[in-house]
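Letters A, B, ... mirror the listed sequences (proteins, then strands); counts begin at 1.
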Protein chains: 2
Amino acid sequence: MPIIDVSGIDRLHHDAVNALAVQMREHGLRRDEPVRSTFGLLGDRWSTLIILVLGMGTWRHAELRRVLGRLGSEERISQRVMTLKLRVLERDGFVCRHVTQDVPPRVSYSLTPLGNALLSEVHRLIDWVNERADTIRMARAAYDAMED
Amino acid sequence: MPIIDVSGIDRLHHDAVNALAVQMREHGLRRDEPVRSTFGLLGDRWSTLIILVLGMGTWRHAELRRVLGRLGSEERISQRVMTLKLRVLERDGFVCRHVTQDVPPRVSYSLTPLGNALLSEVHRLIDWVNERADTIRMARAAYDAMED
DNA sequence: CGGTATCCTAAAAGATACTG
DNA sequence: CAGTATCTTTTAGGATACCG
């Protein structure tokens with residue numbers, strides 16, 4: 001019994017499509033489930049950078065913001081977006097938020113063990129792409145040149 | 001000689017920040033360079049799904065669009081966006097586009113060897129997240145419960 | 001059939017001002 | 001200091017119509 005309606009889909013692909021459909025329904029490939037949301041983190045403008053910086057240790061809010069701005073060349077992260085991204089990372093268990101009871105309060109952020117594990121995956125993926133960066137750049141040049 | 005202006009940044013982090021800054025300038029962590037653009041693919045709404053489906057073999061344009069729509073539950077990918085995403089994937093060398101000289105032309109898409117290598121990384125990353133999906137879900141539940 | 005052009009909506013991100 | 005609220009800009013994505 002097919003999981004998805006395969007009418008109009010090449011017979012050769014029926015089984016494979018159904019297997020993927022099962023994976024999507026049962027193994028969290030839907031939006032807002034861990035797989036998609038984590039992939040989303042990797043792709044957004046700041047989350048991966050935040051994880052890389054927090055990989056160096058614990059940071060105060062203000063310092064973290066400064067260094068993110070400096071790393072991203074001229075671009076700065078707005079206070080609003082940084083808080084937003086840190087909240088999501090904290091909610092998913094990648095980032096830990098420490099607050100002292102001083103006035104004004106001192107807030108600092110660091111990676112959890114889960115966050116450090118994600119950092120390893122990020123590093124692995126960065127290395128993977130870098131090993132192929134020239135291939136990609138050449139493919140781009142070839143494609144752009146072919147556009148007559 | 002520091003690569004970035006470290007004034008106002010905790011002394012403890014100077015060296016690490018500079019190392020990351022070097023990596024960002026020299027190893028493609030900037031926007032539109034392979035690392036960031038590839039991470040972007042992983043995070044967007046359709047590219048990863050396209051790679052997973054093309055991992056099953058060669059697809060005609062119309063069929064690919066149908067099956068993507070079916071997989072994403074109710075959501076459909078618009079023709080415009082599918083062409084757009086496929087173009088980017090083709091330009092970067094992940095996807096191969098075949099055109100026959102029939103009238104009307106028959107266009108089909110498949111993964112290149114580089115695309116298949118990326119597919120492996122995607123699968124690895126999906127597995128990594130799935131192994132931790134329950135941890136993430138529990139972190140979310142705890143965070144949401146704590147919001148008084 | 002596959003692609004493009006045009007227009008429109010929604011989501012992400014930035015700027016700024018204000019608060020405990 | 002860190003966070004929130006409000007407003008604006010930017011970008012991603014969708015709907016539709018039309019073309020070769």
Side-chain angles (χ1 to χ4, degrees), chain A residues 8-10 31-32 36-37 39-50 58-69 72-91 95-110 143 147-148, chain B residues 8-10 31-32 36-37 39-50 58-69 72-91 95-110 143 147-148:
Chain A
I9 293 173
D10 190 327
R31 294 172 66 73
D32 298 327
R36 292 289 287 271
S37 65
F39 275 59
L41 293 181
L42 299 179
D44 80 23
R45 192 159 183 174
W46 293 108
S47 298
T48 300
L49 238 43
I50 290 174
T58 298
W59 292 82
R60 296 281 310 282
H61 178 108
E63 280 199 331
L64 177 59
R65 193 168 165 229
R66 253 192 302 272
V67 75
L68 284 170
S73 316
E74 9 16 78
E75 320 167 60
R76 291 163 61 243
I77 184 171
S78 69
Q79 199 172 31
R80 179 181 153 277
V81 171
M82 194 174 96
T83 301
L84 220 84
K85 294 299 178 187
L86 284 166
R87 284 286 182 282
V88 172
L89 290 169
E90 187 194 359
R91 192 173 98 103
V95 160
C96 186
R97 180 166 169 270
H98 321 264
V99 190
T100 69
Q101 285 305 337
D102 303 329
V103 179
R106 307 189 130 237
V107 181
S108 51
Y109 295 92
S110 60
Y143 182 95
E147 289 213 301
D148 305 330
Chain B
I9 292 173
D10 190 326
R31 292 172 66 72
D32 297 328
R36 291 289 287 273
S37 66
F39 275 60
L41 293 181
L42 299 179
D44 81 21
R45 192 161 181 174
W46 293 108
S47 297
T48 301
L49 237 44
I50 290 174
T58 299
W59 291 82
R60 295 281 310 281
H61 178 108
E63 281 199 330
L64 177 59
R65 191 166 166 232
R66 253 193 300 274
V67 74
L68 283 170
S73 316
E74 5 21 74
E75 319 167 60
R76 292 164 61 243
I77 185 171
S78 68
Q79 198 172 31
R80 178 182 154 278
V81 170
M82 195 174 95
T83 301
L84 221 84
K85 295 299 177 186
L86 284 167
R87 284 286 181 282
V88 172
L89 290 168
E90 187 193 358
R91 191 173 99 102
V95 159
C96 186
R97 180 166 170 271
H98 323 262
V99 190
T100 69
Q101 285 306 336
D102 303 330
V103 179
R106 308 190 130 236
V107 181
S108 51
Y109 295 92
S110 60
Y143 183 93
E147 288 213 303
D148 306 330

Once you round it to whole Å, what is the distance between [atom2] of [N] and [atom1] of [X]?
X         : N       : atom1 : atom2 : result
Gln101(A) : dG20(C) : CD    : P     : 17 Å
Leu64(A)  : dC1(D)  : CG    : C1'   : 14 Å
Met82(B)  : dG2(C)  : CE    : C1'   : 9 Å
Arg65(A)  : dT4(D)  : CZ    : C1'   : 14 Å
Leu84(A)  : dA5(D)  : CG    : P     : 12 Å
Leu68(B)  : dG14(D) : CG    : C1'   : 15 Å
His98(A)  : dC1(D)  : NE2   : P     : 19 Å
Glu63(A)  : dA2(D)  : CD    : P     : 9 Å

Among [options], the one nearest [X] by side-chain distance:
X        : options                  : result
Asp44(A) : dA13(C), dG3(C), dG2(C)  : dA13(C)
Gln79(A) : dT4(D), dA13(C), dG13(D) : dT4(D)
Ile77(A) : dG3(C), dA2(D), dG14(C)  : dG14(C)
His61(B) : dG3(C), dG3(D), dA15(D)  : dG3(C)
Arg60(B) : dC1(C), dG3(C), dA15(C)  : dC1(C)
Arg87(B) : dA15(C), dG13(D), dT4(C) : dT4(C)

Does a side-chain N or O from [X] land closer than 4.0 Å to OP1 or OP2 of [N], or not?
X         : N       : result
Arg66(B)  : dC1(C)  : no
Trp46(B)  : dA12(D) : no
Tyr109(B) : dG3(C)  : yes
Lys85(A)  : dA13(C) : yes
Trp59(A)  : dA2(D)  : no

Legend entry - Residue closer to the 5' end of DNA chain D, Pro105(B) versus Ser108(A) (nearest nucleotide): Ser108(A)
Inset, instruction - Assign each of Arg45(A) and Val107(A) to its nearest nucleotide of DNA chain D by heavy atoms, then name whichever residue's nucleotide is nearer the 5' end. - result: Val107(A)
Return the [atom1] to [atom2] distance between [X] and [Y], rounded to the nearest 0.5 Å.
X        : Y         : atom1 : atom2 : result
Arg97(A) : Ser110(A) : CZ    : OG    : 12.0 Å
His98(B) : Trp59(B)  : NE2   : CH2   : 14.0 Å
His61(A) : Met82(A)  : NE2   : CE    : 4.0 Å
Ile77(B) : Gln79(B)  : CD1   : CD    : 10.5 Å
Leu89(B) : Arg91(B)  : CG    : CZ    : 11.5 Å

Inset, instruction - Would you mind reporting whether Arg36(B) and Leu49(A) have side-chain heavy atoms less than 4.5 Å apart? - result: yes
Inset, instruction - Could you pick out which residue, Pro104(A) or Val81(A), lies toward the 5' side of DNA chain C when each is mapped onto its nearest nucleotide? - result: Val81(A)
Legend entry - N/O donor-acceptor pair, side chain Arg80(B) with base dG14(D), under 3.5 angstrom: yes
